[in-house]
Number of protein chains: 2
Amino acid sequence: MAPKLARVEPVAELEDSAPVDLASLAGIVGYPIRRAQMAVFEDFGRRFAPLDLTPAQYSTLVAIGDNPGRKQSDIGGALGIQRPNFVAMMDELERRGLAERTRSGADRRAYALALTLAGEALLLRARAAQAEQEAAIDRALGSNERRVLIGMLNRLAKLT
Amino acid sequence: MAPKLARVEPVAELEDSAPVDLASLAGIVGYPIRRAQMAVFEDFGRRFAPLDLTPAQYSTLVAIGDNPGRKQSDIGGALGIQRPNFVAMMDELERRGLAERTRSGADRRAYALALTLAGEALLLRARAAQAEQEAAIDRALGSNERRVLIGMLNRLAKLT
DNA sequence: TATTGTTATACTCTATAACTATA
DNA sequence: TATAGTTATAGAGTATAACAATA
């Protein structure tokens, strides 16, 4: 397919309401994946506002909840968060009484991470809010399509 | 499905190499869409390094090239870029001689945007680099699956 | 009074270098 | 010498308020 060539001369008169043509962006993966990610995160923000949790905080709570006792660098590394940035993340979760660091017996440099009871309780409510977002996506795409999408995205995440 | 409950007691001894279990994140849309978007943008960064174009700059050049003569607020608005931030974007593209602002005759507040000849030339090379990324995604997902993915992402972007 | 482009600014995310304490 | 956590910091990206010129 030949690339669409732009006209060199600006069009002098265009109706104000004429929509901007983004068709050549909508046809590649990179553009809609960015817009879709932003839309999903904005929807997340609205649903999680009562819980005061960002997507990164939610994923951290889930990772600790499913992997209690693991050290900071394991959890942060699995989530793709740089170690220095994950320190502030844990500081905040600990300040809010949702997670705690305890010195590892085996390696006294490391912290073993775990959720507090309050963290477990909040995570239960958060998982319910997350399930509602998935249900909304089900309604937008269809349940089977949502699962297909997740499979594609997980494969795409390994593009590197 | 009952939510997976985390064990309260940290596990004392774990092999160093045991992978962190992120299964409950991989099963929802919000997490893999973020990881996939980052992977696609990292791949973009490598492919576009010789052209010195970010994804936002590329999408701006495409939008101007396909819609010459439109004003800043139309192009920036269609791309979801805040007006103050789009000023710096245009400053840089103009500084590099890729695009230009000319005062609109109809409305002397507005600038009509257009690519320069150098901008057209760079955009041709950029579209070729973009086509290579799509081909790489084709190889990772399959050509038909890539089109299905794009359709789902465009629908998801309207979730708001 | 509203709109276009602009400036200034702030806040979040992310990335890197260098330190400390342990191993 | 290497690793876990930390501090400080810098750079993107994104958001809002307020201004001048024009409608």
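A note on names: the letters A, B, ... follow the listed sequences, proteins ahead of strands, and every chain is numbered from 1. Quick caveat, the model's predicted, so the values are computed rather than measured.
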Determine the contact category for R108(A): base if any of its heavy atoms lies under 4.0 Å from a base atom, sugar-phosphate if only primed atoms, P, OP1 or OP2 are that close, otherwise nothing.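 Since only primed, P, OP1 and OP2 atoms lie under 4.0 Å of R108(A), the category is sugar-phosphate.
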Inspect the contact between R47(A) and D43(A) and indicate whether a charged nitrogen and a carboxylate oxygen are less than 4.0 angstrom apart.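 Yes, D43(A) and R47(A) are salt-bridged.
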Do M89(A) and V87(A) share a hydrophobic cluster (ILVMFWY, side-chain heavy atoms under 4.5 Å, transitive)? no
Of F86(A) and R34(A), whose nearest nucleotide on DNA chain D comes first from the 5' end? F86(A)
Atom-to-atom span, CD of Q82(A) to C1' of dT6(D) - whole angstrom: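 Result: 14 Å.
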Quickly work out the R109(A) CZ to dA2(D) C1' distance and round it to whole Å. 8 Å
When you check the side-chain N and O atoms of R83(B) and Q72(B), is any donor under 3.5 Å from an acceptor?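 Result is no, nothing qualifies.
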Sugar-phosphate only, base, or nothing, as touched by D107(B) at under 4.0 Å among non-hydrogen atoms: sugar-phosphate
In whole angstrom, give the distance that lies between atom OH of Y58(B) and atom P of dG13(D).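 Going from OH in Y58(B) over to P in dG13(D) covers 17 Å.
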Between dA12(D) atom C1' and M38(B) atom CE, what is the distance in whole Å?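 Taking CE of M38(B) and C1' of dA12(D), I get 13 Å after rounding.
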Where each residue is assigned the nucleotide of DNA chain C containing its nearest heavy atom, which of P84(A) and M90(B) is assigned the position nearer the 5′ end? M90(B)
Check the distance between dT16(D)'s C1' and I81(B)'s CD1 and give it to me in whole angstrom. 17 Å
Measuring from atom CG of L122(A) to atom CD of Q57(A), what distance do you get when rounded to the nearest 0.5 angstrom?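 Rounded to the nearest 0.5 Å, the CG-CD separation comes out at 9.5 Å.
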Looking at dT4(C), dT7(D), dT6(C), which one has an atom nearest to any side-chain atom of K71(B)? dT4(C)
What orientation do F44(A) and F41(A) show, parallel under 30°, tilted 30 to 60°, or perpendicular over 60°?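 Plane angle between 30° and 60°, so tilted.
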Look at all strands and tell whether Y111(A) reaches a base, only sugar-phosphate, or nothing, counting heavy atoms closer than 4.0 Å.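 Sugar-phosphate only.
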Whole angstrom is fine here: how far is it from CG in N85(A) over to C1' in dT7(D)?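 Checked: the CG to C1' distance equals 12 Å.
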Rounded interatomic separation in angstrom, taking CD from E42(A) and P from dT14(D):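 The distance from CD of E42(A) to P of dT14(D) comes to 11 Å, rounded to the nearest Å.
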Counting just side-chain N and O atoms, does Q72(B) come under 4.0 Å of either OP1 or OP2 of dT4(C)? no
Hey, is the side chain of S73(A) poking within less than 4.0 Å of OP1 or OP2 on dG5(D), counting only N and O atoms?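 For dG5(D), OP1 or OP2 has a side-chain N or O of S73(A) closer than 4.0 Å.
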Interatomic distance, E94(B) CD vs dT6(C) C1' [rounded to whole Å]: 14 Å
